[in-house]
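Report on one structure; see the data block that follows.
Predicted model, so just to flag it, every value in this text is computed and none were measured. Labels below follow one simple rule: chain letters A, B, ... track the order of the sequence lines, proteins then strands, and each chain is numbered from 1.
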Amino acid sequence: MPAITLPDGSQRSFDAPVTGTTVAASIGPGLAKAALAMKLDGRLVDLSTEIAEDARVVFVTRRDEDALELIRHDTAHVLAEAVQELFPGTQVTIGPSIENGFYYDFARNEPFTTADFTAIEAKMREIVARGAPFVRSVRDRNDAIAFFEAKGEGYKAELVRDLGEDQTITFYSQGDWIDLCRGPHMRSTGDVGTAFKLMKVAGAYWRGDHRNAMLQRIYGTAWRDQKELDAYLKMLEEAEKRDHRRIGREMGLFHLQEEAPGSVFWHPKGWKIYRTAEAYMRRRLEAGGYEEVKTPQLVDRALWEASGHWEKYRENMFQAMVAEEDKTLALKPMNCPCHVLIFRQGLRSYRELPLRMAEFGACHRYEPSGALHGIMRVRAFTQDDAHIFCTEAQIADETVRFVELLSSVYRDFGFESFRVKFSDRPEKRAGSDETWDRAEGALKEACAIAGVEYELNPGEGAFYGPKLEFVLRDAIGRDWQCGTLQVDFVLPERLDAEYVGEDGARHRPVMLHRAILGSFERFLGILIEQYAGRFPLWLAPVQVAVVTIVSDADDYAHEVSAALKAAGLTVVTDTANSKINAKIREHSVQHVPVIAVVGRKEAETRTVALRRLGVEAQETLSLDEAVARIAAEATPPDMTNEFA
RNA sequence: GCCGGAUUAGCACAGUGGUAGUGCAGCGGUUUUGUAAACCGAAGGUCGCGGGUUCAAAUCCUGCAUCCGGCACCA
C-alpha cells in the first residue's frame, strides 16, 4: 500500500490507494485548502489523481511558481467556455499556457475584436465565480470522435484522430462545458482567480501550417494575484518606452518610409552609432586574424545557379535585368559565393588555412511583407560576415576561437548572457546525408570542446549546413538571432574551392560561415532597446552637450566644445536663448551622457560643471581635466589598455 | 504571404456626413536666466494614394500602399 514521501523527507503510509486530496487533508486543513495540484514523482498531476504505489509527492499551492502554468492553462479553458457561451457556433481547437499567459485558437467566421474583450472577460469572471470543479474522464477513441462530430467540433475530432492508439483520451469538464485535454488542472474554475487579462487577437494557422485554415487566436495573460498582474502590465508599459522604433524617432537616429520598405534611412546620429560599432568590429576582427574584403552587390545569375541559391533561395532574391546584355543579375542575399570567388583566385596552400575572410557585406533579401519589423527585420542590411576556409580538423579550434570572440564582443556591448541554438538539417537542403552527418558531428564536437551549451532546434539549419544561432532578446521579450556559426561542406564543393595540401594533392576546404552581430541593423535595434537609448559614453552618438547659462559665456562655451572635439569627442554646443532648466531637460531627454554647464563663474575660472545623465549632482573640474577625463571614459572597451 | 487593426500638422493625439482642432516641437519677439519644460505672437494640413456613393466625405463603400500585433517565413 502506498507510502508517500513528502518534501521534508517524512513519510505517510496508507492502507489503500488514495487521492492527493486525501493526502493533503491528512496533513492538515491549511494544506487541504491551499493545494491546487501536486507533483507526483516530479510530474505535475491533478490533485484527484489516485496514488496506488509508493511515491514522492509535492503539493503545489498558489505560492509556488508551478501554479502559474496551471492557472494559465485553466484560464485558457475558462476563456474557451466564455467564448462558446457568448458566440455560439464557434469551434474550439487548442489553448495552451505560454510564457506570461495563454492563448486559445478558435474557428469562427466573424472576426473577434478587442472590443469583444470586455464582454468575454466579464463572462470569464462569471465562470470563475461559479467555481465549477474540473472533472477528468476517460473516453474511448471512437466515442470521442463521434462526440465532437455530433457537436460540430471538427478540429477537436481531428485532434482525437491524430492521437496515438496507445494514448489515453481524457476529457475535462467544468460544469456543463467539456473539452478534450491532457490536463492537469486545478480543482475548479474558482482557482483561476481574477488576475487575468485578455491582451490581443491575431490570426494563427491551424497546426501552424500556412496551407491550413486560419484560426483566430486570443492571447491573454494570467498571474497568481493582482499584484503580479499589475507588475507585468507595468513592465510591458516600460518595455514599450524602450522600443527601438520609438527611441529611433525620438533621438533622431533613423527613419523608414514607404518609398523604401525594409530599408533604413540612417540619420547622422544613428549613423554615428553604426560607425562606432563598425570601427569597433573592424578592430576586433583584425586582432582576431581576419582579413577584410569587399565584394560586388550585383552578381550574375550563373554564380547563384552554381552556388545553389538560385534553386533554394530565388524567391527571396532581388533581380536586376539588363535588357541590352540579355543577362540576369541579382543583388547578393549573402556574401559567401563571392568570398569563394576570392578564395579561388590563384592556387591556395594548406599553409594559408585557416583563412579568415571578413566583409561588412551589404545584402538584400526580399523578406515577406509581414515579417518586416523596424530595423530588426529589414530587406537591406549589412552583416559583419566572415568565412573561414579551413580543414575538417581545424573546425573545432576555429569554433572555440569564434565563441570566445563573440562572447567578448557581446560583453563589450553589455550583453552578459545569450542563448545558443543548434539547428540541424532542414528538409530543403543540399548535400548528401553522409556530408550532413559529418558536418553536424563536427559542430557538436566543437561545441563540447568550447563548452557551449545549446538547445536543439531541429530542422532549422541552413540549406548547406548545420548552424549555431546566438540569440538575443529585445525589450518586449522577442528573440532575435544575431550571431551565427555555420559549418558548410557543400558550397566549397559546388563552387569548386580547393587548396594544395601537404601531400601535394588538391583538397576541398571546409567553410565556416560566421557573424557576431549578425546584421548591424538588427544588432543596433537590440542595442537601442538594451540601453533604452542611454548608451554608454563610447557608443553615444552625442557624447557631451556644452550648454550655457548666460550669453556672456558663449565664447567660452565654444572654446570648451573645441577642446572636447579636439580630444575626439562628439559634442553639441547649446547657446540657445533658453533657460538652463530647459536645456538640461532637452539634452537629458536626448540621452546625452554628459552635460557640461558653463556660466559666468566657469568662464571666469576656466572650469566646467559636469552633470551625468539622470544624476542631479554636478562636479566642477578645470577644462583640461574635464576633457582628459571624459575622453578617457569614452575609450572603446577594446582600447582601454592602450591608455591605462 | 495570411488574419485583424491603424494611417489627420515634424511628433503625440481629438474630430461618426455640413467652415479641420489641441498639446509639444519648429519660426518671430520679449526675457540673460545656475541644473529635467520662462512668457507672448504669427504660421503650419492633397485628413496615406486612387475610385465610388451623396447636394455635401477626414467621416460611408471599394481597390491599393505602408505601418502595427500575431501566424507563416527567417538560407
Side-chain angles (χ1 to χ4, degrees), chain A residues 103 105 110-115 199-219 243 245-246 249-250 252 255-262 307-309 311-317 333-334 336 363 365-374 376-379 423 426 428-430 460-465 467 469 476 478 480-481 484 486 488 490-491 513 518-519 522 547-554 575-590 595-602 609-618 620:
Chain A
Y103 67 77
D105 285 348
E110 297 73 41
F112 289 112
T113 72
T114 47
M199 302 297 282
K200 50 197 175 193
V201 280
Y205 297 107
W206 166 237
R207 301 196 139 176
D209 188 328
H210 69 276
R211 289 166 300 195
N212 290 341
M214 182 149 278
L215 307 171
Q216 294 186 64
R217 177 170 298 179
I218 296 180
Y219 282 96
D243 190 310
R245 292 164 297 191
R246 176 178 175 147
R249 192 187 327 106
E250 289 170 350
H255 88 272
L256 296 139
Q257 70 178 60
E258 227 178 291
E259 285 73 8
S307 70
H309 287 84
E311 187 197 344
K312 302 273 198 273
Y313 202 65
R314 186 176 11 166
E315 60 203 31
N316 290 293
M317 288 166 65
M334 299 177 207
C336 26
C363 295
R365 299 180 186 176
Y366 183 77
E367 301 285 357
S369 56
L372 301 179
H373 178 87
M376 306 267 217
R377 182 90 181 262
V378 286
R379 289 180 175 154
S423 300
K428 209 171 152 187
R429 62 177 183 260
E460 298 293 325
F463 75 76
Y464 47 70
K467 62 178 184 177
E469 298 174 27
I476 320 166
R478 285 186 274 220
W480 296 94
Q481 181 201 309
T484 184
Q486 308 172 3
D488 182 3
V490 173
L491 210 56
H513 305 240
S519 88
R522 175 174 294 180
V547 306
T548 53
I549 296 172
V550 291
S551 49
D552 286 352
D554 286 2
T575 56
N577 175 18
S578 56
K579 291 200 167 186
I580 185 64
N581 288 297
K583 291 186 186 182
I584 295 288
R585 180 183 150 78
E586 191 183 325
H587 298 290
S588 299
V589 164
Q590 286 295 309
I595 300 178
V597 179
V598 296
R600 267 196 202 97
K601 212 160 59 187
E602 288 77 13
L610 298 184
R611 180 194 162 116
R612 307 293 170 142
L613 178 59
V615 178
E616 277 182 46
Q618 51 173 327
T620 302

>> Check A:R207 with A:D209, please: is the shortest side-chain N to carboxylate O separation under 4.0 Å?
In response: no

> Mind checking whether A:T113 and A:V201 have side chains closer than 4.5 Å, heavy atoms only?
Replying inline: no

>> Taking only the P atom of each, what is the distance from B:rG69 to B:rG63 in whole angstrom?
In response: 25 Å

> Just to confirm, is there a sub-4.0 Å distance from OP1 or OP2 of B:rG70 to any side-chain nitrogen or oxygen of A:K200?
Replying inline: yes

> Checking all strands, does A:G465 fall into the base, sugar-phosphate, or nothing category for heavy-atom contacts under 4.0 angstrom?
Replying inline: nothing

>> Generate the contact string for nucleotides 34-40 of chain B. Rules: B means base contact, S means sugar-phosphate contact only, - means no protein heavy atom under 4.0 Å.
In response: BBBBS--

> Once each nucleotide of nucleotides 2-13 of chain B is scored for protein heavy atoms under 4.0 Å, what B/S/- sequence comes out, 5' to 3'?
Replying inline: BBS------SS-

> How far, in whole Å, is B:rA36 from B:rG44 if one measures between their C1' atoms?
Replying inline: 28 Å

> Can you name the closest pair of heavy atoms from A:K583 and A:A576 and give their distance?
Replying inline: NZ-O, 2.9 Å

> Once you round it to whole Å, what is the distance between C1' of B:rG70 and CH2 of A:W206?
Replying inline: 18 Å

> Just checking A:Y103: base, sugar-phosphate only, or nothing, at a heavy-atom cut-off of under 4.0 Å?
Replying inline: nothing

> Just how far, in rounded Å, is C1' of B:rC67 from NE2 of A:H255?
Replying inline: 13 Å

> Between the base of B:rC74 and the side chain of A:R377, is there a donor-acceptor distance below 3.5 Å?
Replying inline: yes

> B:rA58 and B:rA20: how far apart are their C1' atoms, nearest whole angstrom?
Replying inline: 8 Å

>> Take a 6.0 Å sphere around CD of A:Q257 and say whether it holds more than 12 heavy atoms from other residues, nucleotides or ligands.
In response: yes

>> Which nucleotide, if any, forms a Watson-Crick or G-U wobble pair with B:rC11, using both distances under 3.5 Å?
In response: B:rG23

>> Using whole Å, what does the distance between atom P of nucleotide B:rC67 and atom CD of A:E259 come to?
In response: 11 Å

>> For A:S551 and A:Y313, find the nucleotide of RNA chain B closest to each by heavy atoms; which residue's nucleotide sits nearer the 5' end?
In response: A:S551

> If you measure from the C1' atom in B:rA12 to the same atom in B:rU7, how many Å do you get, rounded?
Replying inline: 14 Å

> Whole Å only: how far is the CD atom of A:Q486 from the C1' atom of B:rC74?
Replying inline: 12 Å

>> Restricting to side-chain contact (heavy atoms from CB on, under 4.5 Å), what partner residues turn up for A:S588, sequence neighbours left out?
In response: A:I584, A:I595, A:L613

>> Restricting to side-chain contact (heavy atoms from CB on, under 4.5 Å), what partner residues turn up for A:T620, sequence neighbours left out?
In response: A:T607, A:A609

> Per the side-chain contact (heavy atoms from CB on, under 4.5 Å) rule, which among A:H513, A:K312, A:R429 passes with A:Y464?
Replying inline: A:H513

> Does any nucleotide pair with B:rA43 by Watson-Crick or G-U wobble geometry, both distances under 3.5 Å, and what is it?
Replying inline: none

>> Under 3.5 Å for both donor-acceptor distances, Watson-Crick or wobble: does B:rG1 have a partner, and if so which one?
In response: B:rC71

> Of all residues at least two apart in sequence or in a different chain, which pass the side-chain contact (heavy atoms from CB on, under 4.5 Å) check with A:P111?
Replying inline: A:Q216

> Between A:E460 (CD) and B:rC74 (C1'), how many Å, whole number?
Replying inline: 9 Å

>> Can you identify which nucleotide, out of B:rC71, B:rA65, B:rC67, has its nearest atom closest to the A:E258 side chain?
In response: B:rA65

>> What is the distance, to the nearest angstrom, from the CZ atom on A:R379 to the C1' atom on B:rC67?
In response: 12 Å

> Partner of B:rA6 by Watson-Crick or G-U wobble geometry, both contacts under 3.5 Å, or none?
Replying inline: B:rU66

>> Counting the atoms with a prime plus P, OP1 and OP2 as sugar-phosphate, which does A:P426 contact under 4.0 Å by heavy atoms, base, sugar-phosphate, or nothing?
In response: nothing

> What is the nucleic acid contact for A:H373, judged by heavy atoms within less than 4.0 Å: base, sugar-phosphate only, or nothing?
Replying inline: sugar-phosphate

> Does the side chain of A:R245 come within less than 4.5 Å of A:H373's, by heavy atoms?
Replying inline: yes

> Can you check the A:M199 CE to B:rC71 C1' distance for me, whole Å?
Replying inline: 18 Å

> Can you list the residues that meet the side-chain contact (heavy atoms from CB on, under 4.5 Å) rule with A:I549, with sequence neighbours excluded?
Replying inline: A:I580, A:V597

> With respect to the phosphate group of B:rC74, does any side-chain polar atom (N or O) of A:Y366 fall under 4.0 Å of OP1 or OP2?
Replying inline: no

> Taking the C1' atom of each, how far is B:rG18 from B:rG70, in whole Å?
Replying inline: 40 Å

> How is A:R314 classified with respect to the nucleic acid when contacts are heavy atoms under 4.0 Å: base, sugar-phosphate, or nothing?
Replying inline: nothing

>> If I pick the C1' atom on B:rG34 and the same atom on B:rC67, what distance separates them, to the nearest angstrom?
In response: 45 Å

> If the C1' atom of B:rC27 is compared with that of B:rA42, how far apart are they to the nearest Å?
Replying inline: 9 Å

> Side chains of A:R217 and A:K200: closer than 4.5 Å at any heavy-atom pair?
Replying inline: no

> Whole Å only: how far is the CG atom of A:D554 from the P atom of B:rU33?
Replying inline: 13 Å

> How far does the C1' atom of B:rU19 sit from the matching atom of B:rC47, given to the nearest Å?
Replying inline: 15 Å

> So, for A:R522 and A:M376, which heavy atoms are closest and what is the spacing to 0.1 Å?
Replying inline: NE-O, 2.9 Å

